Protein chains: 2
Amino acid sequence: MEVKLASSYGFCFGVKRAIEIAEEHKNSATMGPLIHNQSEIDRLRNNFNVNLYNSLDEVRKDDTVIIRTHGIPKNDLKALKQKDVKVINATCPFVTTPQQIVKKATEDGYCVVIFGDSEHPEVKGVKSYGNDNVIVVLSTQDLENVVFKNDKIAVVAQTTRKKEEYLEIVNYLILRHKEVRVFNTICDATFENQDAARVLSKEVDVMLVIGGKNSSNTKQLFSICEENVESHLLEDENDLQLSWFNGKKLCGITAGASTPDWIIQNIINKLKIIK
Amino acid sequence: MEVKLASSYGFCFGVKRAIEIAEEHKNSATMGPLIHNQSEIDRLRNNFNVNLYNSLDEVRKDDTVIIRTHGIPKNDLKALKQKDVKVINATCPFVTTPQQIVKKATEDGYCVVIFGDSEHPEVKGVKSYGNDNVIVVLSTQDLENVVFKNDKIAVVAQTTRKKEEYLEIVNYLILRHKEVRVFNTICDATFENQDAARVLSKEVDVMLVIGGKNSSNTKQLFSICEENVESHLLEDENDLQLSWFNGKKLCGITAGASTPDWIIQNIINKLKIIK
């Protein structure tokens, strides 16, 4: 069976990069879980002895410590660097950008608005690069009682937020302030996977969507593919059924955002031996 | 008859200021018509010998030349200053602001988008403070084929544009570029007159709306007032009718954006002698 992968699928760029960094640093530890996928964390521990620290107190001299994709607050990074350990920064570049924007905008005298969840590790990290003039909001309601110290506002968004909701926040601010400096820090990864699945499902004879059967992300990919071609949702290679490929020449593959590449590869290997 | 003026009416701040400047400079000339109101231009010529130049060629040595509220292109101002004349700048401060924003943003390497009419004198003036990386657009369609030299965009609006339309332009840009620096340069004058008329018409026994009977701006004020109280639209004191004030104690007054104060004052003087 001939196989074609979607041009974008599975883990986003930042997660793939963090996993490669972890694999390159055997016997290291990550500060907090590297990604939200237990089987992948288990694999990194079993195959590369990459361990998991949940607090700075667990860090020991001469450790190699990996900062995860979400990043960590500025002072935690500083404390870590003072501990006589090797720090490997796997913060996603798309998260480093808003961190640096908040730092620069604060230095330039802007009040900063972060659109996101104040309890999310990414947002906590981004916020830490500013001062008292940084606020985190989830809706325009959160802005109603805010008194800004000046009329120059800079705005960034948590990378995984919806653009439509970001524009609501931004428009509210533009109508009320002289200058609003809007940084588009939202990452397109989820939408890229969906767009690529849509394109590929029109080219192939059958489509496999790999991911958790309860994952809303994976189910959305499945529903997109199903509109164009016979499609099947599977969690791993054990779910494969030979009957799906009768009379088919080209099989397309996509995967949900929490599906590790090795699960996808196991499926591809099995597909290759189907005539 | 007791009279109360709306808290905002008639000419906007910038036009009132320009007229005061013209009155303070007898025997001067304005570069282009100072305002869009012929009877006011006639009055300035008759009472203060303020003349009207339509091109730089008309300017003579030792003239006093007044720059009108809309401003003029940078190079015209430079040429004027080299002519050995006294230049009085009556450019509205709300127009000077976008001029300076375009200058600074261009120096800082931003591509600049001006939302407005490229043929309007204000926009021509504002645009002249930038370089080749400044474009003027009236809708998102005008942006579709634009190739920006970098991903840092600054946006300003012609002062008299509608905010809703400005947000459309701004949102289009935010979704497509890394940084969009939005300057809210729209002037609230028109809306301030409407809001003030709405408030005053609820307080008084009768409302006079002074302005051209064909002026859409004046008609809009009239329709707002009429919802709350008996209202009359008049062009000058000759339109006044005594019957309007029978049994009334307090008369409210507002005026369209092209109504000179002296027309309003003539009406107030007549009202004061009505018992």
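Throughout, a chain's letter reflects where its sequence line sits, starting with A, and its residues are numbered from 1. Being a predicted model, the structure only gives us computed values, none of them experimental.
- Counting non-hydrogen atoms of other residues, nucleotides and ligands closer than 6.0 Å to CD of A:Q141 gives a total of 12 or fewer.
- With rounding to the nearest 0.5 Å, the separation of CG in A:N171 from CG in B:N171 is 4.0 Å.
- With a 4.5 angstrom heavy-atom cutoff, A:V170 touches chain B only via side-chain atoms.
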Steps toward side-chain contact (heavy atoms from CB on, under 4.5 Å) verdict (A:V180, B:V180)
CA-CA 8 Å; A:V180 182; B:V180 182; over 6 Å; no
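- Sparse packing is recorded around NZ of B:K178, with 12 or fewer heavy atoms of other residues, nucleotides or ligands lying under 6.0 Å away.
- Contact annotation: the side chain of A:E179 never approaches that of B:N184 to less than 4.5 Å [non-hydrogen atoms, C-beta and beyond].
- Within a 6.0 Å radius of NZ in B:K219, other residues, nucleotides and ligands contribute more than 12 heavy atoms.
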After noting the C-alpha distance and the side-chain angles of B:V182 and A:R181, does the key distance pass the side-chain contact (heavy atoms from CB on, under 4.5 Å) rule?
CA-CA 6 Å; B:V182 185; A:R181 202 165 169 177; over 6 Å; no
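- Annotation: B:D132, atom CG; neighbour count of heavy atoms from other residues, nucleotides and ligands within 6.0 Å does not exceed 12.
- A heavy-atom distance below 4.5 Å is not found between the side chains of B:L167 and A:L167.
- Around atom NZ of B:K103, no more than 12 heavy atoms belonging to other residues, nucleotides or ligands sit under 6.0 Å away.
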